[in-house]
Amino acid sequence: MAGTTIPASRGRFRGSTALRDNLAGWLFVAPVVIILGLFMLLPILMALWVSLTDWNGQGSPFRSGVPFVGTGNYTRLFTEDGLARQDFMTSIRNNIYYVAIVVPAQTVLALGLAVIVNSRMLKGKTFFRAAFFFPSVTSSVAISVVFLFIFANSGAVTSLLGVFGIDGPDWFSDSRGTLHLLLGAVGLVDPSAPPAALTGGGPFGLSWWEWLSGPSVAMTTIIMLVVWTTSGTFMLMFLAALQDIPVTLEEASMLDGAGRWQRFRYVTLPMLKPTLFLVLTLGLISTWQVFDQIYVMSQGNPSKTTLTPAFLSYQTAFRSFEYGSGTAISFVLFSIIVVMTLVQRWVMRERDGGSRRRRPAHASGRASARTGRS
Amino acid sequence: MATVKSAGKGPGGGSAAARSLVSVFTGYCILIFFALVFLYPFVIQIGNSLKTEPDAAANPLSPFPDPFSTGGYEKAFLNTDLPLWLGNSLLVTVIVTLGRVLLDSMAGYALARLRFRGRRALFSAIIAVMAVPGVVLFIPKFLVLNQLGLYDSYTALILPVIVDAAGVFIMKQFFESIPVSVEEAARIDGAGVFRTFWSVVLPMARPALITLTIISFQGTWNEFPHTLVAVQSPELFTLPRGLADLVTGSLGKGTQYPLKLGAALMATIPVAVIFVVFQRYFVRGANEGADKG
């Protein structure tokens, strides 16, 4: 081992390592690259083509005989008055109400449960955490079967409501919009004879009255099911974030005399902001994809009030054999979700930039300033 | 801590103790209420699956069967294809899980450690793939399977899901967190890349491998929409597909709730057992899912 030979042999070693790493690297990633390419990238390109055709499922979509319709499948969803647009806009309306209720509900429930489970005064943390999380690991199909039973006409929820003297609705066959029912209950409008101003017209082929329906009673059962299954996962995320909050910070604010609500509002909540945004945006992305529960529980019924774009695209392609139209719906849904994802990325970047470093000092400063005054 | 508090508060200490007792009590009440909300549906499911049909219809809320009956299970196992669905689900889940654990960790290792050309671009591509919502791939996946002549086969159930981008991501993160010195020693001793990976790196990666195994098993066992676009023959149905067919399709004559709830329980039990045994890995999986966002 003379000193002069070491650099030379090292150099050769490094050169061969580079070659070996290149070869080995690509061999190691090859299965993943091939399968993701074949079943993620290629399908998207194929589907882009199919969405420009009227392929009916017979033979290959790339034969010369398949009618090419250009952007017809897309414009039909937005500008042409007809059943396709009406169904699509109905599904968009249903999903908007679904998102508007599920996302806040699951976030608040998850946060509340996490804060209580995390409380140092209470024991049995592991058990409660497991109990709340368990529904989210089980099969969505199996759980939907259970909820079909629970909300059945003679089911558990109806009998439970009966105990309190409430006559529950026929959950899955009730297509009445809850906002319509609410407006009727406060006496603003009569749902059986809505004002002509609202039924006369509206954007995208649905009347204002139809846009303002709210989720149907049937949809609320699916909303309850989904909030029930997803809250557990988000609770875990909040719990992990809560456990990262330094104990000293809470104790300091406690000694400062901050009440429980003040502590939550001015110490805990600012520390949870990144997680809160993450949970909200993950929620926004996933709620636009609701499918399994719709398939098992309602198939879009009653009166299309549980139809969602995801289910509609499946139905259009595989039940009506209008693959072009179904694929076009998928791509519109894709762009909705991409927009949600970009919003998420953008918001998270804002959060990560300035506030992470200065937040703890800032938060405790605010807490003590506040409590100093009181 | 209690002494610090009462010392600080002085005369108010007594009422503070009473207040905290009240808040402990309220806290438990809320926790127990929600534990019931989250777990009672499963109790109802088990109870009613062991009832007769009229009993399930008349007393859906009660967890106690009266009379006790295994009729639902007998019908589920003898009159439906439940045994076949269970077999298919087990086969697909085991193969996909093994495949994911091996292929995802190989790719994760390469991305973390091997300096090959195009590594960064590939990693960005995998991140992009993770962001593609599964729901918009239904029809596209069917198109590819159809074009390749794989539609309606076991290959169609298994091959498209045998790798997943999120698993690659989890493994890459893990490999980056362990020290590189042991591998370097092995490689200087002349072990090849694969030897090093297989006998030095993988044994060190046990916790990550268990997490990946568990989330792959759970995800594949529960997978439903992929089976809708991959197969149509009843002989190829997995349990979730069979269940969905049982509830929505021609088989769903009458209500037959004990049967349906019992069959659904068969889908829940394996995941429940794994959940109870490996709970902390589930928790880790959920939080690693959060980190990728």
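The chains referred to below are lettered A, B, ... by the order of the sequence lines, with proteins before strands, and numbering in each begins at 1. Quick caveat, the model's predicted, so the values are computed rather than measured.
If you measure heavy-atom distances from F42(B) to chain A, the contacts under 4.5 Å come from the side chain alone. Only the side chain of I337(A) has a heavy atom closer than 4.5 Å to any heavy atom of chain B. Using a 4.5 Å cut-off between heavy atoms, N48(B) touches chain A through its side chain atoms alone. Looking at I150(A), the atoms closer than 4.5 Å to chain B (heavy atoms on both sides) all sit in the side chain, from C-beta outward. For chain B, no part of S286(A) is nearby; none of its heavy atoms comes within less than 4.5 Å. The contact between I32(B) and chain A is made by backbone and side chain atoms together, counting heavy-atom distances below 4.5 Å. There is no contact between L23(A) and chain B, counting heavy-atom distances below 4.5 Å. Both the backbone and the side chain of L148(A) come within contact range of chain B, each with at least one heavy atom under 4.5 Å from a heavy atom of that chain. Heavy atoms closer than 4.5 Å to chain A are found in the side chain of L122(B), but not in its backbone. Only the side chain of I30(B) comes within less than 4.5 Å of a heavy atom in chain A; its backbone stays farther off. Using a 4.5 Å cut-off between heavy atoms, V161(B) does not touch chain A at all. F318(A) touches chain B through its side chain: at least one heavy atom from C-beta onward sits under 4.5 Å away, while N, CA, C and O do not. For a residue to count as touching a neighbouring chain, one of its non-hydrogen atoms must lie under 4.5 Å from one of that chain's; by this rule V338(A) does not touch chain B. Within the 4.5 angstrom heavy-atom criterion, only side-chain atoms of V168(B), from C-beta onward, approach chain A. For I162(B), the part sitting under 4.5 Å from any heavy atom of chain A is the side chain, from C-beta outward, and nothing else. Of the two parts of L137(B), only the side chain, counted from C-beta on, holds a non-hydrogen atom closer than 4.5 Å to a non-hydrogen atom of chain A. Only the side chain of F127(A) comes within contact range of chain B, judged by heavy atoms closer than 4.5 Å. Using a 4.5 Å cut-off between heavy atoms, I274(B) does not touch chain A at all.
Using a 3.5 Å distance cut-off with no hydrogens or angles, the side chains of T138(A) and T268(B) do not pair a donor with an acceptor. For the residue pair R319(A)/Q299(A), the side-chain donor-acceptor check at 3.5 Å is satisfied.
Taking M297(A), Q289(A), M46(A), R129(A) one by one and counting their heavy-atom pairs under 4.5 Å with chain B, the maximum is reached by Q289(A). Between chain A and the options S105(B), A267(B), P240(B), G192(B), the largest number of non-hydrogen pairs under 4.5 Å is found for P240(B). Of the listed residues (F194(B), W221(B), F142(B)), the one with the most heavy-atom contacts under 4.5 Å to chain A is F142(B). Contact count versus chain A (heavy atoms, under 4.5 Å) is highest, among L39(B), V132(B), L265(B), L239(B), for L39(B). In terms of heavy-atom pairs under 4.5 angstrom with chain A, the leader among L243(B), L261(B), D164(B) is L261(B). In terms of non-hydrogen atom pairs under 4.5 Å with chain A, the most contact-rich of A125(B), S23(B), G219(B) is S23(B). By number of non-hydrogen pairs under 4.5 angstrom with chain A, the leading residue of L148(B), L114(B), V276(B), L145(B) is L114(B). Note: D292(A) leads V296(A), D292(A), I35(A) in heavy-atom pairs under 4.5 Å with chain B. Across V146(A), L109(A), L122(A), the residue that shares the most heavy-atom pairs under 4.5 angstrom with chain B is L122(A). For the options V33(A), I116(A), I143(A), heavy-atom pairs under 4.5 Å to chain B are most numerous at I116(A). Chosen from T233(A), V137(A), V145(A), T327(A), the residue pairing most often with chain B at heavy-atom distances under 4.5 Å is V137(A).
Relative orientation of the F116(B) and W26(A) rings is perpendicular, given thresholds of 30° and 60° on the angle between their planes. By the 30° and 60° cut-offs, the orientation of the rings of F311(A) relative to F291(A) is tilted. By the 30° and 60° cut-offs, the orientation of the rings of Y323(A) relative to W55(A) is tilted. Taking the six-membered ring where tryptophan is involved, the planes of F275(B) and F134(A) are tilted, since the angle between them lies from 30° to 60°. Ring geometry for F28(A) versus Y109(B): interplanar angle of 30 to 60°, hence tilted.
Ring centroids of Y314(A) and F138(B) are separated by 6.0 Å or more, keeping the two rings apart. Between F34(B) and F128(A), the ring center distance fails the sub-6.0 Å criterion.
Of the listed residues (V332(A), L333(A), I336(A), V290(A)), just one forms a side-chain contact (heavy atoms from CB on, under 4.5 Å) with P309(A), and that residue is L333(A).
At most 12 heavy atoms of other shown residues, nucleotides or ligands fall within 6.0 angstrom of atom CH2 in W49(A).
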